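Right, one structure below, let's go through it.
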Amino acid sequence: PDYSPTGVVADFDKDGYGDLAVSDTRYNKNAGSVVVWRGGSTGPTTKYRLTQSTSGVATAATTREYFGADLSAGDTNGDGYQDLAVGVPYEKVGTAKDAGGVHVLRGGKSGLTGKNSQWFTRASAGVPGSPAEYENFGSLVRLRDIDRDGDKDLLVSRDYYGSGVLLPGTGSGITGTGARELNVVAAFPQ
């Protein structure tokens, strides 16, 4: 696969300036990464890189996993900081090669980190189905309040043609409890 860079603008450190998060799926032999440029009064300032080797991120960086294949930003736990959903469609889950998953990285005073991040796959409690070889769950991700309860939800899809999985948002973050298949693809505009 050749994932083109994707990016989102969100205020991950709540300083009043939009930060730019851009995927770099070719980083480290396609293990992938997300590069974040901090926003400032005159535009981008410093930058930092997040990978699956970042402290607190649930899984290890391995070549050809494409961390960052898709990105979506939103405040998932109501703390006022924007968080980032990061698709990892070629992650091995158990024995299922390229089953895929999605990380939710938390924003905070110092920006995005791996601290208190969340990791979801078809093997996560409450998520329907089982990890399947070559499913590429996490190819498409979107954070939106889909069920209109005031909390951001996470919609995850494997491609543009099948259904998506809705992981509900709560006041403390995304959960697998109550997750369900929806006939909606996580490909609508950021």
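Keep in mind that this is a model prediction, so the values were computed, not measured.
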To the nearest 0.5 Å, atom CG of Asp98 lies from atom CZ of Arg64 at 4.5 Å
Mind listing the closest non-hydrogen atom pair of Gly126 and Ala179 along with its distance?
O-CB, 3.5 Å
Out of curiosity, does Val22 fall in the hydrophobic cluster containing Tyr66 (side-chain heavy atoms, cut-off under 4.5 Å, transitive links)?
no
Could you tell me whether the side chains of Arg142 and Ser157 share a donor-acceptor contact shorter than 3.5 Å?
no
Value rounded to 0.5 Å, distance of CD in Glu65 from CG in Asn28
10.0 Å
Residue of the set Leu167, Val104, Leu84 for which side-chain contact (heavy atoms from CB on, under 4.5 Å) holds with Thr76:
Val104
Check against side chain to side chain donor-acceptor pair (under 3.5 Å), Ser23 and Thr25:
CA-CA 6 Å; Ser23 65; Thr25 56; 5.5 Å; no
How long is the span from the CG atom in Asn77 to the CG atom in Asn116, to the nearest 0.5 Å?
8.5 Å
Tell me if a side-chain donor or acceptor on Asn136 pairs with a main-chain N or O of Gly138 at a distance below 3.5 Å.
no
Answer yes if Val93 and Val102 sit in the same cluster of Ile, Leu, Val, Met, Phe, Trp and Tyr residues linked by side chain heavy atoms under 4.5 Å apart, and no otherwise.
no
Note, Asp11 side chain near Asp19 side chain (heavy atom, < 4.5 Å)
yes
Indicate if Tyr81 and Phe12 have the same hydrophobic cluster label, given that clusters are the connected sets of ILVMFWY residues with side-chain heavy-atom separations under 4.5 angstrom.
no
For a quick test of reading the model, state the closest non-hydrogen atom pair linking Asp159 to Tyr161 and the distance between them.
OD1-N, 2.9 Å
Is it the case that the side chains of Arg38 and Thr45 hold a donor-acceptor pair, with the cut-off being a distance below 3.5 Å and no angle test?
no
Ion pair Arg122/Glu91, N-O distance below 4.0 Å
no
Taking the side chain from Asp75 and the backbone from Gly80, do they hold a donor-acceptor pair closer than 3.5 Å?
yes
Give a yes or no answer on whether the side chain of Ser139 reaches the backbone of Pro89 with a donor-acceptor pair at less than 3.5 Å.
no
What distance do Gln118 atom CD and Leu105 atom CG have between them, rounded to the nearest 0.5 Å?
10.0 Å
Which atom pair, heavy atoms only, marks the closest approach of Ser172 to Arg106?
O-NH2, 3.5 Å
Asn183 (side chain) donor-acceptor with Ser163 (main chain) under 3.5 angstrom:
no
Taking C-beta and beyond as the side chain, do Arg144 and Leu155 meet within less than 4.5 Å on heavy atoms?
no
With rounding to the nearest 0.5 angstrom, report the NE2 to OG1 distance, His103 to Thr121.
10.0 Å
Closest contact, heavy atoms only, Ala21 versus Val36
CB-CG2, 4.2 Å
So does Gly107 get a backbone contact from the side chain of Asp83, meaning a donor-acceptor N/O pair under 3.5 Å?
yes
Is there a donor-acceptor pair closer than 3.5 Å between any side-chain N or O of Asp24 and the backbone N or O of Val34?
no
Please confirm whether the backbone N or O of Gly150 pairs with a side-chain atom of Asp145, one donor and one acceptor, at under 3.5 Å?
yes
Over all heavy atoms of both residues, which pair between Phe120 and Gly176 is shortest? Give the atoms and the distance, please.
CE2-N, 3.9 Å
Quick check against the 3.5 Å criterion: does Tyr48 have a side-chain atom that pairs as donor or acceptor with the backbone of Leu112?
yes
Shared hydrophobic cluster for Val86 and Trp119 (ILVMFWY, side-chain gaps under 4.5 Å):
yes
Going through the distances and angles, do Phe137 and Val165 end up as a side chain to side chain contact (heavy atoms under 4.5 Å, CB included)?
CA-CA 9 Å; Phe137 187 71; Val165 173; 3.7 Å; yes
Are the side chain of Thr51 and the backbone of Ser33 linked by a donor-acceptor contact shorter than 3.5 Å?
no
For residues Leu50 and Val57, determine if any side-chain heavy atom of one lies less than 4.5 Å from a side-chain heavy atom of the other.
no
Closest approach of Ala31 to Ala61 (non-hydrogen atoms, all atoms of both residues)
CB-CB, 4.4 Å
Side chains of Ile174 and Leu143: does their closest heavy-atom pair fall under 4.5 Å?
yes
For Asp153 and Ile146, indicate whether the former's side chain and the latter's backbone hold a donor-acceptor pair under 3.5 Å.
yes
Are side-chain heavy atoms of Thr62 and Gln52 found at a separation under 4.5 Å?
no
For the atom pair OG (Ser41) and OH (Tyr17), what is the distance rounded to the nearest 0.5 Å?
4.5 Å
